[in-house]
Amino acid sequence: MMFRSLTWALVPMIFGMGPRPANSAPEGQVSALSLSSAGGTARLLVAVDKGVAVKELRLQNPDRVVLDFTPALKGEFPSYDGQRRGNVADIRVEQYRANVVRVVVEFDRMPDYKVEQSINGTVTLSFADKPFDAWGSANRGGTKAPAARPSPTPVDEAPVIRSEPEPVFAGYTATRQQDSARFDVNWDKTDLNDAFQQLARRSGQSIVPGAKVTGTTSLTVTNQTWPNIFAALLASQGLQAQVMPSGIIRVDLPGELGKLDSLSDLTQTQIRLNYAKATDMANNVQGMLSKNRGKATADSATNTLILVDSPNRIAQMRTFVQSLDVKTAMVAIEAKLVFVDRTVLSQLGVKYDVGTKNQFSNKVVQRTDPATGQPYAPNINVVNLGGNTVSAISNADAVISNSALDLIFSTAIGGFSITSFLSALDQVELTDVQAQPIIHTLDNRPGFINSGEETPVRTIDAGSLGTGTVRATVLFKKTGIRLSATPHVTSDRHIMLDLDVERSSIQPLAAADLGFTVPIQQATSRLLVNDGETAVLAGLVVTTVTKNRSGVPFLQGLPFIGNLFSFSSSNEHRQDLIILVTPRITDDGGN
């Protein structure tokens with residue numbers, strides 16, 4: 001026998017909707033929870049009364065979503081069974097305040113999710129997850145009332161208009177008039193087989209419970225379609241269903257349906273993918289295949305996924321594959337690197353040379369030998385041994401390279417010649433480097449751009465020195481502008497970026513073979529920004545100030561006139577680095 005399996009989607013379950021006593025509190029009630037998965041999407045459904053508002057909060061460590069319902073009271077229903085279902089680690093419900101009920105859903109890792117509230121107040125938390133067995137927790141209370149009575153058509157609510165039919169559970173799409181009709185049910189300890197037969201008569205479907213489907217149900221649902229009531233009944237009893245090839249819906253325990261599925265014949269199908277890679281999709285569906293029976297292969301030439309399994313499993317996997325084969329968003333990432341290198345150099349120095357014609361130092365001022373008519377050689381000192389005389393030089397070895405001003409003053413006082421030299425330099429060097437790389441990449445796909453050069457760097461083998469043959473190797477060092485980015489577009493059109501930006505250059509240490517230095521400016525970070533928003537990825541300011549002063553002892557330390565007897569140098573080196581990033585969604589894909 002061949003079957004198509006049915007993984008049930010979450011549906012609203014509203015319990016305890018009978019009239020309130022006159023002395024009851026004005027708060028609504030959180031009366032039921034249901035967790036299930038279908039088609040790669042999990043849904044947690046919370047049944048609440050009309051008029052109850054929900055507030056959403058996202059927390060971390062651990063990752064969890066908090067739903068606060070106001071004004072509301074917590075109904076009496078069993079707590080979560082503690083089983084891990086997909087990415088869900090735990091579900092907790094508590095009366096947080098006098099009129100606030102808090103539902104906490106804890107995840108192994110935070111998924112993209114969506115919170116919606118229907119017209120009748122039911123709140124649905126949906127998120128992408130792998131398939132798992134459903135769980136439900138309903139209010140233990142209930143009031144006996146006639147079963148399956150039609151509900152009056154509301155006159156104060158606008159009808160819900162859908163552009164296309166929506167699947168109410170796996171393998172079934174509500175398209176007939178019976179599927180859209182709404183009614184109420186109120187079962188109080190009603191036999192399960194009787195409840196399924198009532199739904200069969202109401203829907204016009206053939207529903208056949210298995211031999212192990214026994215027990216009773218107490219369930220109250222108001223103003224819902226039969227597929228939603230049917231799914232709520234299954235979730236509350238831990239049952240599942242399969243649609244047989246003849247259209248008959250088989251209801252049984254999950255283990256019993258699995259046995260039937262393992263006995264069905266294998267079939268093969270091909271799914272042509274548009275956006276996803278067939279090789280990646282084959283790995284994604286491995287966990288959904290029948291053990292030791294199913295097989296998934298990929299044809300990379302035509303980007304086709306080939307599935308071999310039972311018809312039931314293939315129907316599930318086709319829905320799952322189609323939900324993942326969607327157009328992904330395109331993101332443009334623009335980075336701007338601003339690097340400013342500024343050097344300010346100020347130098348000032350004064351030299352003095354005092355001498356007579358018979359005694360002098362030939363180090364600063366060149367004198368002429370009267371015997372030959374040629375200048376004395378540098379550093380030749382002429383000393384007068386026949387009498388008392390004085391000669392002096394200050395700051396003789398101090399030199400200002402490439403001075404901007406050289407001033408010489410010379411005078412004669414008696415038999416002495418006095419010469420002073422003043423040198424000054426004020427220099428500013430400014431290097432402004434701006435790079436603006438732009439890269440386009442798909443959502444969750446890394447992108448890389450590199451604009452630079454490869455510089456050969458020679459390395460000498462020290463062990464070959466002294467052998468007569470020097471061995472050297474040449475390595476190529478990559479330098480320039482490099483941008484690596486991996487974007488992720490969230491459901492609320494924020495962009496999460498994993499970025500690595502680098503600017504580097506190579507500088508030789510000297511003309512000789514002394515090696516190279518490679519200055520690098522790099523930033524690595526993870527950002528969360530709005531679409532089109534500019535964020536500062538990094539900012540760095542490095543300032544180095546070097547001051548030197550040398551001169552005549554004692555005299556250089558005199559106030560006001562000390563600079564006339566010294567050489568002073570001030571060197572200020574400042575480096576500014578700013579990295580800006582602007583991501584933009586150029587194509588939002590299927591969102």
Side-chain angles (χ1 to χ4, degrees), residues 9-36 41-81 87-107 110-127 135-143 151 154 156-158 160 182 184 186 219-224 228 232 235-236 490-492 494:
L10 289 172
V11 295
M13 296 196 306
I14 303 176
F15 301 87
M17 294 294 291
R20 299 179 181 271
N23 58 354
S24 63
E27 289 84 355
Q29 188 180 58
V30 176
S31 54
L33 277 79
S34 177
L35 176 65
S36 61
T41 300
R43 295 178 177 85
L44 174 68
L45 191 138
V46 184
V48 297
D49 293 344
K50 290 184 179 179
V52 176
V54 60
K55 182 179 179 182
E56 163 201 348
L57 184 63
R58 177 174 179 168
L59 301 175
Q60 294 180 330
N61 296 323
D63 293 333
R64 58 196 186 278
V65 175
V66 176
L67 302 176
D68 285 342
F69 297 89
T70 310
L73 296 176
K74 178 179 175 294
E76 294 295 331
F77 51 85
S79 59
Y80 188 64
D81 57 8
N87 195 23
V88 178
D90 192 15
I91 300 175
R92 300 185 295 274
V93 185
E94 61 180 5
Q95 192 72 43
Y96 183 62
R97 291 193 180 94
N99 63 341
V100 179
V101 176
R102 170 163 289 187
V103 178
V104 181
V105 185
E106 184 176 325
F107 297 96
M110 182 64 72
D112 293 333
Y113 65 89
K114 180 170 59 175
V115 178
E116 296 177 308
Q117 188 167 16
S118 63
I119 302 174
N120 60 4
T122 302
V123 174
T124 303
L125 170 65
S126 56
F127 50 93
W135 168 84
S137 179
N139 195 345
R140 296 189 179 96
T143 304
S151 61
D156 56 344
E157 297 179 354
V160 179
R182 294 175 176 267
D184 299 346
N186 194 327
L219 182 65
T220 301
V221 181
T222 305
N223 193 28
Q224 287 294 330
N228 290 341
S236 65
T490 64
S491 58
D492 54 355
H494 284 71

Taking the six-membered ring for Trp, are the ring centroids of F127 and F107 within less than 6.0 Å of each other?
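Centroid distance F127-F107: below 6.0 Å, so yes.
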List the atom of S126, the atom of T41, and the distance in Å for their closest heavy-atom pair.
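Nearest heavy atoms, S126 then T41: CB-CG2, 4.3 Å.
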Minimum-distance pair of heavy atoms, taken over all atoms of P71 and V52
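The answer is O-CG2, 3.4 Å.
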Can you name the one residue among V88, V115, I91, T124 that meets side-chain contact (heavy atoms from CB on, under 4.5 Å) with L44?
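For L44, the side-chain contact (heavy atoms from CB on, under 4.5 Å) check succeeds only for I91.
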In this structure, which one of V30, V66, T70 forms a side-chain contact (heavy atoms from CB on, under 4.5 Å) with R102?
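Per the side-chain contact (heavy atoms from CB on, under 4.5 Å) rule, the option paired with R102 is V66, out of V30, V66, T70.
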Walk me through it: do V221 and L219 pass the test side-chain contact (heavy atoms from CB on, under 4.5 Å)?
CA-CA 7 Å; V221 181; L219 182 65; 3.9 Å; yes
Quick one, N223 with D184, criterion side-chain contact (heavy atoms from CB on, under 4.5 Å). Give me CA distance, side-chain angles, the key distance, then yes/no.
CA-CA 5 Å; N223 193 28; D184 299 346; 4.2 Å; yes
Any side-chain heavy atom of [X] sitting closer than 4.5 Å to one from [Y]?
X	Y	answer
Q117	V123	yes
V93	K74	yes
L35	Y80	yes
L57	D68	no

Quick one: do Q29 and V101 satisfy side-chain contact (heavy atoms from CB on, under 4.5 Å)? Show the steps, please.
CA-CA 9 Å; Q29 188 180 58; V101 176; over 6 Å; no
Between the side chains of E116 and K114, is the shortest nitrogen-to-carboxylate-oxygen separation below 4.0 Å, so that they form an ion pair?
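Here K114 pairs with E116 in a salt bridge, since their nearest N and O are under 4.0 Å apart.
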For R97, does its backbone N or O pair with a side-chain atom of Q95 as donor and acceptor, under 3.5 Å?
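Yes, the answer is positive, given that a donor and an acceptor are paired below the 3.5 Å cut-off.
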Is D63 reaching over with its side chain to a backbone N or O of M110, donor-acceptor style, under 3.5 angstrom?
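Between the backbone of M110 and the side chain of D63 there is a qualifying donor-acceptor contact (under 3.5 Å).
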Roughly how far, to the nearest 0.5 Å, is the CG atom of D49 from the OG atom of S31?
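Spacing of OG (S31) from CG (D49) equals 6.0 Å.
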Go through the steps for L67 and E56 under the test side-chain contact (heavy atoms from CB on, under 4.5 Å), then give the verdict.
CA-CA 5 Å; L67 302 176; E56 163 201 348; 4.2 Å; yes
